Structure formats: C-alpha cells, structure tokens
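Throughout, protein chains are lettered first and strands after them, A, B, ... in sequence-line order, and every chain is numbered starting at 1. Computed from a prediction, not measured in an experiment: that's the story for all the values here.
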There are 2 protein chains.
Amino acid sequence: MGRLPTTKHDRQHRLQNYLETHPFITDEELARCFAVSVQTIRLDRLELGIPEVRERVKQVAERSFAKVKSLANADLIGELVDLELGVSGLSMLEVTPELTFQRTGIARGHFLFAQANTLAVALVDAEIALTGTAKISFKRPVRQGERVVAKAMVKTIKENRYYIKVTSRVEGEIVFRASFVVFAVNGKEDTLVADRS
Amino acid sequence: MGRLPTTKHDRQHRLQNYLETHPFITDEELARCFAVSVQTIRLDRLELGIPEVRERVKQVAERSFAKVKSLANADLIGELVDLELGVSGLSMLEVTPELTFQRTGIARGHFLFAQANTLAVALVDAEIALTGTAKISFKRPVRQGERVVAKAMVKTIKENRYYIKVTSRVEGEIVFRASFVVFAVNGKEDTLVADRS
DNA sequence: TGTGCTATTATGACCAGGTACTAAACATAT
DNA sequence: ATATGTTTAGTACCTGGTCATAATAGCACA
C-alpha cells in the first residue's frame with residue numbers, strides 16, 4: 001500500500017460511520033466536511049458500495065415508513081398464535097433490540113406487560129374490552145433475542161368481569177405472570193366507562 | 001369556471017389522495033396513472049402546493065426517521081418533568097393516536113402502565129433497576145388528546161427493594177393507580193437476575 | 001535519477017426528475 | 001367570432017449525481 005495507508009482507510013471508515021447517523025448529506029457537503037474533493041468522496045462511496053443521497057433517503061423513507069406503520073398499528077403486541085375466545089390464548093413475542101434497554105439488553109417490563117395485556121383483552125368476547133386491574137410479577141429479566149410465549153386462561157367470568165391469568169415463558173422457564181380483571185363492554189358504555197365526550 | 005369543472009377538480013382531489021398513500025411516485029408515473037400529460041400533473045401539483053418526488057421522499061424519511069427513533073429509543077414513555085431520585089417523580093404523557101385503539105380512540109392500557117413503570121424505574125438510585133411485581137388498577141379509560149400526569153412516590157426501601165406508588169391523573173381525575181416493587185441492582189447481577197448469559 | 005505505484009483532483013459528457021417560462025392547441029359558452 | 005379555462009408541448013436551466021478519462025502530487029525503490 002501507499003504512503004498514506006491510514007488516511008484513506010481511516011477517512012472511509014469515518015465516512016461510513018458518519019453516513020449512518022447522517023444519511024441525508026450530499027457529496028458536496030461531505031467533501032467540505034472531510035476536507036477533500038467531491039471526486040474523492042465519490043470514489044470512496046464507490047469503493048464502499050454506498051449509494052447516492054437520493055437512494056439513501058429513499059431507503060430510509062421506505063424502511064422507517066414500514067416500521068412506523070407496524071409499530072403504530074400494533075393493536076396487538078406479540079403474534080397471536082392461538083385463540084379460543086373466552087377460554088384461552090397463546091401469543092409469541094420476539095425480543096428485538098427496540099424492546100430492550102439499550103444499556104443492558106434487558107427487555108423493558110412494559111412490553112411483557114403489553115403482550116400479556118393485549119392477549120388478555122383479545123380473549124374477551126365483547127365489542128370493547130378494557131383492563132380494570134392487574135397483579136403482575138416479573139420472575140426474571142428477559143434478554144434480547146429471546147422468544148417469549150405468553151399463555152392466557154380465563155379463570156372465571158362474573159357478570160361483565162373476566163378473571164384472566166397469563167403466564168409468560170422463555171424456553172419453558174416462567175419469566176412473567178399476571179392476573180387481570182378485564183371488563184367487557186357491549187354497546188353503550190356503562191358507569192365504569194363514564195366519560196363526558 | 002369552465003366546462004370541465006368536475007374533471008380537473010376531481011383529478012386534483014384524487015391526485016392528492018393518491019399521493020398520501022403513494023408518496024414515492026414520479027410525475028411521469030402519475031401522468032400515466034391519471035392518463036394526462038406530465039405538464040398537467042406539474043400544474044396540478046403547483047396549484048395544490050405539492051412538492052416534487054424527492055422532496056416528498058425526504059419529508060417522509062425525516063418525519064418517520066424521527067418517529068422511529070422516538071418510539072424505539074423511548075427508554076422513557078412520557079416526558080419526565082420532575083424527579084427527586086429515590087423520593088418522587090412526575091411524568092406527562094400526551095395521548096396521541098398511536099397510543100390508542102383505532103376503533104375506540106381509547107388509550108391502550110399498557111401505555112399507561114409503561115408511563116408509570118418507566119417513572120418508577122427512573123426513581124431508583126441504582127445502576128440497573130428492574131420491576132419485580134406490580135398491582136395496577138385502571139380507574140377510567142383515557143382518550144386521545146388527553147394529557148396524563150403520573151406522580152410517583154417511594155413509600156419504603158427495604159434492602160434493594162423499592163416500594164413505589166404511582167397515581168396517574170387527567171385534569172385532576174385519577175385514571176390509573178399502580179404499586180410497584182422495583183429491585184435495585186448494582187454491579188454484578190444477584191440471584192434475582194439469575195441468567196446464564 | 002527515473003520509474004512505478006497509489007491517492008487525489010479535474011474535466012467533460014450524460015442522466016433523472018424536476019422548475020420556470022412561453023406558446024400553442026383545444027373546448028365551449030356567450 | 002371571441003373570450004375563457006384547460007391541456008399539452010417545448011425550451012432553458014437546476015441539482016446531485018454516474019461514468020470515463022486524464023492530469024497531478026507524493027513517495028518508495030532500485
């Protein structure tokens with residue numbers, strides 16, 4: 001290699017890193033930013049297989065477009081794999097990095113809760129189901145990459161109150177437990193759902 | 001107005017709608033799609049104040065980039081407005097459409113839980129804090145547009161266990177209550193956090 | 001000292017997807 | 001026939017590139 005082995009390699013490295021956090025920057029701006037010519041930047045991109053701005057912007061747009069949709073429309077957290085209305089249900093949740101504390105890689109508790117809660121609510125055979133109370137217990141932390149299987153069972157139904165138990169496991173080991181009281185609301189909202197809108 | 005009042009107006013309307021669901025389409029493609037010339041499309045965009053493809057793509061990219069970040073990196077759900085470590089804390093959460101059931105406009109319970117839980121965990125003065133158990137109670141449904149204020153108080157600390165109460169209100173009215181037991185974990189993970197990684 | 005090698009920069013032709021402007025064709029009501 | 005609104009066409013120019021070619025700078029090595 002030449003006499004400036006560090007320089008070029010180093011610059012390309014920094015370029016790559018920089019573009020990950022600033023995907024919307026043009027070659028011209030990059031050139032100014034790295035104090036080299038536009039052509040050098042283009043050569044670097046070529047060698048590194050990095051597409052032009054517009055392509056990068058488009059990629060970001062498409063990817064996060066889909067992501068926002070999937071996150072926003074998630075009426076259900078976790079994938080429903082089995083459901084017998086009013087009786088029992090099963091849901092699976094893959095612990096992706098988004099669900100964890102970045103520092104520790106441990107899943108944030110409320111996602112386990114969310115999985116259990118949405119499953120419990122899904123079990124209820126009514127137009128609208130609202131969680132009333134819950135007792136929950138985290139047995140051990142769940143880490144990135146683990147697959148959480150939540151199993152819900154309806155224990156009792158009294159009037160419009162469903163008593164539901166959920167147990168979440170990772171490879172058979174219990175990681176989370178919850179008992180829910182869920183209110184079934186049909187048609188007009190009753191006193192519980194007293195709101196003035 | 002002219003003799004084709006429907007046609008033009010109607011086309012522009014459809015154009016606008018179409019672009020909301022397909023923001024990445026070029027004028028040429030639009031022209032083919034609406035069976036008019038490219039110039040007509042450009043005039044329509046001009047009249048409607050719709051920017052060119054690249055600009056639209058960029059907007060989508062920037063907006064949803066930020067959104068994904070804010071959703072994914074939300075180590076904290078809700079905005080922390082006050083915090084006295086180990087004593088008490090206050091957090092606010094604006095109920096946006098993403099947080100609600102689309103059908104009813106009622107906030108999904110796990111977001112209220114998440115707000116309370118992250119607040120409780122934030123209160124703990126330790127390297128890592130993990131929720132152990134919780135009792136929660138939803139007092140009334142919260143709707144889109146409401147602003148939930150969660151107030152957390154540390155009740156007791158026994159060894160590494162924090163007993164924390166959280167009360168969430170909308171305009172003074174209690175909508176949610178929770179009691180948490182949170183474990184403080186410093187340095188090496190102890191038996192509770194028994195994992196084999 | 002010249003030769004070779006790499007890295008960098010410059011230059012020009014070309015492209016997509018536009019903007020901005022001018023002009024012409026078309027339809028139709030008065 | 002003329003005025004009016006709609007649509008289409010054409011041109012010059014812009015940004016942010018690709019691709020190919022060439023010139024230049026810096027240093028090693030024999």
Side-chain angles (χ1 to χ4, degrees), chain A residues 1-69, chain B residues 1-70 72:
Chain A
M1 277 143 254
R3 68 245 166 281
L4 296 175
T6 41
T7 312
K8 182 183 174 182
H9 210 253
D10 184 52
R11 186 191 56 234
Q12 294 193 343
H13 220 85
R14 283 181 297 142
L15 183 71
Q16 210 151 22
N17 286 338
Y18 194 77
L19 281 176
E20 272 182 33
T21 52
H22 304 79
F24 304 168
I25 192 170
T26 65
D27 287 356
E28 209 170 17
E29 292 169 314
L30 282 169
R32 251 178 285 139
C33 186
F34 283 81
V36 290
S37 73
V38 174
Q39 284 75 6
T40 303
I41 294 292
R42 308 242 229 246
L43 277 177
D44 285 348
R45 276 201 301 102
L46 193 71
E47 287 180 30
L48 297 169
I50 296 169
E52 57 169 303
V53 202
R54 290 147 175 169
E55 202 49 44
R56 293 192 312 259
V57 170
K58 211 166 156 185
Q59 284 175 10
V60 169
E62 279 168 353
R63 236 179 310 152
S64 50
F65 202 52
K67 208 161 195 171
V68 165
K69 262 194 177 156
Chain B
M1 277 144 255
R3 67 248 165 283
L4 295 175
T6 40
T7 312
K8 183 184 175 182
H9 209 253
D10 184 52
R11 186 190 56 235
Q12 293 193 343
H13 220 83
R14 283 181 297 141
L15 183 71
Q16 209 150 23
N17 287 338
Y18 194 76
L19 281 176
E20 272 181 36
T21 51
H22 304 77
F24 305 168
I25 193 170
T26 65
D27 287 357
E28 208 171 10
E29 291 169 314
L30 282 169
R32 250 177 287 139
C33 185
F34 283 81
V36 291
S37 73
V38 173
Q39 284 75 5
T40 303
I41 294 293
R42 309 243 229 246
L43 277 176
D44 285 347
R45 276 202 300 104
L46 192 71
E47 286 179 31
L48 297 170
I50 296 170
E52 56 169 303
V53 202
R54 291 145 174 170
E55 202 49 45
R56 295 194 307 263
V57 170
K58 210 167 155 186
Q59 284 176 10
V60 169
E62 278 167 353
R63 235 178 310 151
S64 50
F65 200 54
K67 208 161 198 173
V68 165
K69 259 196 177 154
S70 75

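Rounded to an integer number of Å, the gap from B:Ile41 CD1 to D:dT6 C1' is 14 Å. Between the CZ atom of A:Phe34 and the C1' atom of C:dT9 there is a distance of 18 Å, given to the nearest Å. B:Lys8 has its NZ atom 8 Å from the C1' atom of D:dG5, to the nearest Å. One atom, CG of A:Asp10, and another, P of C:dT8, lie 11 Å apart when rounded to the nearest Å. Between A:Leu19 atom CG and D:dG17 atom P there is a gap of 11 Å when expressed in whole angstrom units. Rounded to whole Å, atom C1' of C:dA16 lies 12 Å from atom CD of B:Glu29. Following rounding to the nearest Å, B:Glu47 (CD) and C:dA20 (P) show an atom-to-atom distance of 14 Å. At whole-Å resolution of the value, CZ in B:Phe24 and P in C:dG17 are 15 Å apart.
Residue-to-nucleotide proximity on DNA chain D shows that, of B:Thr40 and A:Leu46, the 5′-proximal contact is made by B:Thr40.
Within the 4.5 Å cutoff, side-chain heavy atoms of A:Asp27 are placed close to those of A:Leu30. Between B:Gln12 and B:Lys8, some side-chain heavy-atom pair lies under the 4.5 Å cut-off. Between B:Arg32 and B:Glu28, some side-chain heavy-atom pair lies under the 4.5 Å cut-off.
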- Message: At under 4.0 Å between heavy atoms, how does the protein contact nucleotides 9-16 of chain D? Give one character per nucleotide, 5' to 3', with B, S or -.
- Response: BB----BB
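The 12-atom threshold is exceeded at CD of B:Gln59, counting heavy atoms of other residues, nucleotides or ligands nearer than 6.0 Å. Residue-environment remark: CD (B:Glu55) exceeds the threshold of 12 foreign heavy atoms within 6.0 Å.
Residue-level contact check: A:Arg45 touches the backbone only, with heavy atoms under 4.0 Å from sugar-phosphate atoms and none from bases.
Minimum heavy-atom separation, A:Arg56 to A:Ile25: NH2-O, 2.5 Å.
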